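One structure below.
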Amino acid sequence: MSRLTAVVSGKRLNEGMHQLEPLPYPYDALEPLIDAETMRFHHEKHHQAYINKLNESLQSFPDLQNTSVEDLLADLDTIPESVRTQVRNFGGGHANHRFWWSILKTNEGAAPQNEIGAAINGELLGLEMFKKEFIHKTGSIFGSGWGWLVWDEGVLRIVTTANQDSPLSAGQIPLLGADVWEHAYYLKYQNKRNEYLENFFKVINWDQVNENYLTAKNN
Ligand code: MN3
């Protein structure tokens with residue numbers, strides 16, 4: 001990861017501070033399903049804001065600055081109470097978005113292959129059933145949150161989290177996730193959250209999800 005010097009609130013940050021990484025693809029890579037303007041704002045403004053706020057919150061906690069955000073979230077109980085809510089919200093926002101960018105890629109409607117394809121067929125009764133349940137649960141979130149496919153101690157599960165809560169804080173490993181904060185879809189889809197979720201299935205990078213599955217399974 002690059003170690004560009006970042007500045008937050010006029011203060012020079014330590015090397016260990018959290019930073020926004022560039023997307024591994026152009027902002028228009030998911031057009032027309034997720035538009036370039038939404039991608040740019042989502043990454044440059046929303047994701048960056050979570051990182052800035054996380055870094056500001058951790059200014060008096062040098063040891064936490066050098067811990068990965070995923071580790072912080074997996075161990076929320078050990079975070080000092082005075083900063084725990086900030087780590088949960090802003091650290092969650094950082095981790096969830098970093099994860100989100102990594103699982104997006106236009107897939108032309110292809111079904112998952114390999115181990116994750118077999119696991120979805122075996123445990124979740126196939127792609128169509130999985131998709132139906134995922135969209136139902138995620139589409140029904142009241143307010144802002146995320147829908148997830150997680151590895152939960154050996155079991156594949158569809159779960160949702162409110163706000164920027166991470167499945168990691170519940171001991172679950174995310175394999176794929178869908179952001180249903182309005183900033184993720186409103187420009188293009190307005191109030192049609194389910195239509196956005198239908199199209200989300202056409203931009204899942206199944207190879208990456210398979211990799212996430214194998215990593216979770218072998219740990
Ligand atoms: Mn978002």
Side-chain angles (χ1 to χ4, degrees), residues 6 8 18-58 68-70 72-74 76 85-107 134-150 158-170 172-205 208-209 212:
V8 170
H18 301 279
Q19 294 169 6
L20 186 68
E21 293 158 32
L23 292 191
Y25 40 74
Y27 285 120
D28 64 0
L30 308 174
E31 287 271 13
L33 301 170
I34 303 184
D35 58 291
E37 199 182 358
T38 295
M39 290 293 285
R40 180 185 299 280
F41 261 79
H42 203 171
H43 182 251
E44 286 182 359
K45 306 295 181 192
H46 293 280
H47 188 175
Q48 181 71 64
Y50 290 118
I51 294 173
N52 292 350
K53 288 175 182 168
L54 176 66
N55 285 335
E56 283 173 39
S57 306
L58 297 183
S68 81
V69 69
E70 288 80 11
L72 294 178
L73 292 164
L76 260 190
T85 301
Q86 288 88 330
V87 168
R88 178 176 170 181
N89 291 336
F90 308 140
H94 177 27
N96 290 343
H97 286 90
R98 179 153 74 174
F99 180 79
W100 162 251
W101 311 127
S102 78
I103 57 112
L104 297 178
K105 186 184 180 184
T106 301
N107 68 25
F134 186 93
I135 291 177
H136 173 69
K137 283 192 170 173
T138 307
S140 306
I141 294 172
F142 182 73
S144 298
W146 291 76
W148 305 95
L149 174 65
V150 299
I158 300 166
V159 300
T160 62
T161 58
N163 304 311
Q164 292 295 355
D165 288 355
S166 165
L168 294 169
S169 303
Q172 299 163 337
I173 311 292
L175 308 180
L176 73 79
D179 186 346
V180 290
W181 283 59
E182 284 188 345
H183 67 228
Y185 63 88
Y186 201 84
L187 281 182
K188 184 176 175 72
Y189 294 93
Q190 294 82 44
N191 62 333
K192 293 171 288 206
R193 187 189 263 185
N194 279 22
E195 191 181 317
Y196 155 71
L197 286 171
E198 285 280 341
N199 282 337
F200 163 70
F201 272 81
K202 298 176 191 157
V203 294
I204 295 174
N205 183 342
Q208 184 60 51
V209 176
N212 296 342

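Here the structure is a predicted model, which means the values were calculated and not measured. Note that ligands are numbered from 1 as they come in the structure, with each ligand's atoms numbered from 1 the same way.
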Next on the checklist: Looking at His18, is its backbone amide N or carbonyl O close enough to the side chain of Asn55 to form a donor-acceptor pair, meaning the two atoms are under 3.5 Å apart?
Outcome noted: yes
Checklist entry - Once rounded to 10 degrees, what value does the angle at the Mn ion (ligand 1) take between NE2 (His97) and NE2 (His42)? => result 90°
Item to check | Output field: ring centroids His43/Tyr27 closer than 6.0 Å | outcome: yes
Checklist entry - In Asp179, what N, O or S atom is nearest to the Mn ion (ligand 1), if we give its atom name? => result OD2
Checklist entry - Going by the angle between their ring planes, with limits at 30° and 60°, are Trp148 and Phe99 parallel, tilted or perpendicular? => result tilted
Item to check | Evaluation steps, side-chain hydrogen bond (donor to acceptor under 3.5 Å, both in side chains), between Tyr185 and Asn199 | outcome: CA-CA 11 Å; Tyr185 63 88; Asn199 282 337; over 6 Å; no
Next on the checklist: Between His183 and the Mn ion (ligand 1), is there a contact where an N/O/S atom of the residue lies under 2.8 Å from the metal?
Outcome noted: yes
